[in-house]
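The structure under discussion appears below in the form of structure tokens.
Chain letters run A, B, ... following the sequence lines, proteins first and then strands; every chain starts at 1. If you're wondering where the values come from, they're calculated on a predicted model, not measured in any experiment.
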Amino acid sequence: MVQPIDVVLDLLARHEHRLAWGELSRLMMESPTTATCHLVADLAHRVDVAAAGVATTRLAILSNYTAQPLAPLLQGHAVLSGLQLQVHVPAFDTWMQELLDPESELRRFDPHVVVIDLVADAVCPALAREFLRLSLDDVDAIVRQTSDLVETAVQSLSAWSRARVLVHLFEQPVAPTLGILDAGAGSHSHAISTLNLRLRAIATRSGNVSCVDTDRLVAELGYARWRDQRLWLMARIPYTTAAMHRIAAEQLRFIRALTGRARKLLVLDLDDILWGGVLGEVGPDGILLGPSYPGNAFVELQAAILELHRRGVVLALNSSNDADEALRLLDAHPSMLLRSEAFAAVRINWQDKAQNLVELSEELGLGLDACVFVDNSPSECARVRQALPEVLTLQLDGDPAGFAMRIRQLGVFDSLSYTAEDQRRGSFYRSEAQRGALRKTVASTDEYLASLGTELTVEAVGPPTAARAADLTQRTNQFNMTTRRRTRDEILTYIDSSQREAYVFSLNDRFGEQGVIGFATLEAGGDSELRIADFLVSCRVLKRRVETAMLTFLLERSRERGATHLVAEFRPTKRNAPFAGFYTSEGFAPRGEAEHPQFVRSTADAGAVVTHVRLVRRPTESTPA
Amino acid sequence: MRSPRERALSVIAAILKVPVSSLDESSSPDSIDTWDSLQHLQMLLALEEEFNLQFPADATERLQTVGAILATLEECQQ
């Protein structure tokens with residue numbers, strides 16, 4: 001079995017640093033476990049930062065507990081932020097000496113960011129373990145001493161470093177000895193609150209200090225999942241593994257903001273993201289968006305996105321849809337919170353979504369590494385992850401009830417301030433990376449299509465498949481050449497004639513069975529001609545040349561039946577206009593109008609061979625019921 | 001889907017920064033330089049995370065070879 005480490009080492013050996021980093025990002029996205037963090041952290045250091053288009057940052061952790069286990073977690077998670085993080089953890093409890101000693105390793109390390117995380121059990125044990133033995137004056141003194149210690153640390157650091165400091169606030173006691181009486185002046189909780197207020201005051205005074213709100217993290221995890229008493233007693237590690245991951249993620253939010261690597265652009269799909277359902281299939285009245293479930297889940301998601309917009313995040317759309325219809329819906333639907341004007345740019349078309357992202361990035365002047373892409377489809381997300389690894393791709397699927405919180409918890413848009421300018425739109429910058437990405441995208445579309453392992457199975461329609469075929473004729477609006485709606489019975493009647501044939505096409509690829517996605521019919525016209533009466537393809541599988549493969553099959557079939565020419569018709573509707581040029585692009589010649597545009601092709605020419613689609617003909621007898 | 005044994009070895013290899021192929025039942029702190037007490041602890045934590053279980057309290061002391069770790073994992077999973 002090929003180990004992920006071998007894939008990355010191989011890429012590095014071939015000097016493909018950007019791809020190697022992309023592979024590390026993919027590993028972290030798929031499975032952000034401790035083991036993966038260790039693996040990725042180790043490999044990240046072998047990547048050439050300049051070649052990969054990422055940045056290096058130096059972080060020092062000053063703590064009075066065993067902090068080494070945090071380092072690989074930080075380094076692993078940092079990969080997703082385009083950061084090769086170097087972490088220095090001084091030997092146990094030597095942090096103050098390292099700060100003061102001009103010859104220390106900490107000085108030589110010269111950190112960009114310094115974390116100060118002191119757990120109460122170690123820095124003010126009397127407060128933590130024997131609170132009731134202390135007088136009010138004692139408590140006061142300990143609180144002062146502890147905050148003075150932190151202030152001394154901050155000042156010593158600023159004497160020789162311009163590093164940004166992250167001070168972890170202290171946890172509220174979860175089980176104070178006074179129990180229900182522990183409240184107000186003189187209580188344990190009050191002592192910790194006072195201590196934290198003093199730390200916040202240090203931050204305000206110093207200008208380069210931020211505070212990590214520990215209580216918020218504890219609230220998120222719950223104390224039982226935060227604190228590991230067993231590890232504390234055995235090895236002076238106060239936190240559970242889950243807590244350490246959460247702490248690393250929180251520290252990275254600050255680091256990203258400090259190094260200007262906050263993401264600034266949120267690019268959204270439309271169907272099953274801003275509303276439930278596929279607009280092209282159900283129409284504007286069929287989408288789910290409103291006061292009842294699940295429509296209200298999508299309203300909540302829109303509210304969360306709108307808040308980000310107020311925060312200064314730029315919004316854009318990247319969707320496979322009819323642009324006019326989609327934009328009209330955005331502005332007309334009564335429950336829509338995000339109107340078309342909220343989006344700084346849109347790409348609503350039938351183009352490759354990775355290509356759309358590159359264009360959006362160019363148009364808005366925001367680097368791909370500043371972009372978050374949100375989509376419902378596993379294949380679209382895989383495509384973008386593969387083509388544009390610097391984009392943070394979030395696949396939102398499953399129960400929409402959880403979507404709003406997942407957007408809120410992304411934590412990648414943090415900046416160090418929130419100004420009127422952010423409220424308007426924030427600042428833009430250009431990146432060189434996107435030009436390289438443009439070239440890369442064009443080249444890799446074919447590779448990507450080849451990697452899908454697409455298999456197209458064609459079989460003549462029979463009783464078991466007639467219902468699905470009928471369904472397809474009723475729901476497919478965009479890639480539908482003649483838009484004839486047929487019921488199951490009509491189809492069964494239709495095929496009950498030697499003059500007519502109907503076929504269903506099913507697609508299978510590395511993402512699984514896509515089911516029946518195409519339908520076509522052939523009927524005898526005069527003069528050894530066969531006519532394509534129906535030709536439609538589900539919009540889920542467009543941009544893969546599946547329709548070309550279908551046409552190639554029909555040409556072959558026509559030849560088998562002895563026809564010299566294959567004729568086709570296009571009946572324009574509001575929805576299928578983007579595909580009016582299909583037959584012409586497939587080598588058909590226009591032939592008069594009659595009622596609607598007609599096209600013709602000689603069956604003597606073989607159809608185009610679509611190399612990445614394997615066509616399989618299945619005999620009807622073996623079709624399962 | 002990888003076997004529990006393959007998953008465990010991947011985790012151990014990642015923490016110790018050695019190739020999976022270099023690990024066998026007898027691998028121990030004596031045979032692997034990077035296997036010190038802190039790595040030992042991190043390895044056990046990572047395995048607990050991977051298999052969603054908790055090792056018994058004396059595991060840190062007892063589990064001093066890859067073989068012992070794999071055997072205990074099998075026990076814990078039943």
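Interface remark: L41(B) contributes side-chain atoms only to the contact with chain A (heavy atom separation under 4.5 Å). Neither the backbone nor the side chain of T36(A) comes within contact range of chain B; no heavy atom of the residue lies under 4.5 Å from a heavy atom of that chain.
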Could you give me the CA-CA distance, side-chain angles and deciding distance for H168(A) and Q251(A), then say whether side-chain hydrogen bond (donor to acceptor under 3.5 Å, both in side chains) is met?
CA-CA 10 Å; H168(A) 281 241; Q251(A) 289 170 351; 2.9 Å; yes
Give the intermediate values and the outcome of side chain to side chain contact (heavy atoms under 4.5 Å, CB included) for residues R2(B) and S10(B).
CA-CA 10 Å; R2(B) 297 189 301 164; S10(B) 282; 2.7 Å; yes
What's the verdict on side chain to side chain contact (heavy atoms under 4.5 Å, CB included) for V212(A) and V115(A), showing C-alpha distance, side-chain angles and the deciding distance?
CA-CA 9 Å; V212(A) 175; V115(A) 162; over 6 Å; no
Test side chain to side chain contact (heavy atoms under 4.5 Å, CB included) on H38(A) and T34(A); report intermediate values, then the result.
CA-CA 6 Å; H38(A) 277 252; T34(A) 301; 3.7 Å; yes
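Considering CH2 of W95(A) and OG of S63(A), their distance stands at 9.5 Å, rounded to 0.5 Å.
Pairing each heavy atom of P19(B) with each of S22(B), the nearest pair is O-OG, 2.7 Å.
Of residues 223-242 of chain A, those residues with a non-hydrogen atom less than 4.5 Å from any non-hydrogen atom of chain B are, in numerical order, R230(A), L231(A), M234(A), A235(A), I237(A), T241(A).
Y65(A) and D121(A) share no donor-acceptor pair across their side chains, judged by distance under 3.5 Å alone.
For the options I12(B), L38(B), L47(B), heavy-atom pairs under 4.5 Å to chain A are most numerous at L38(B).
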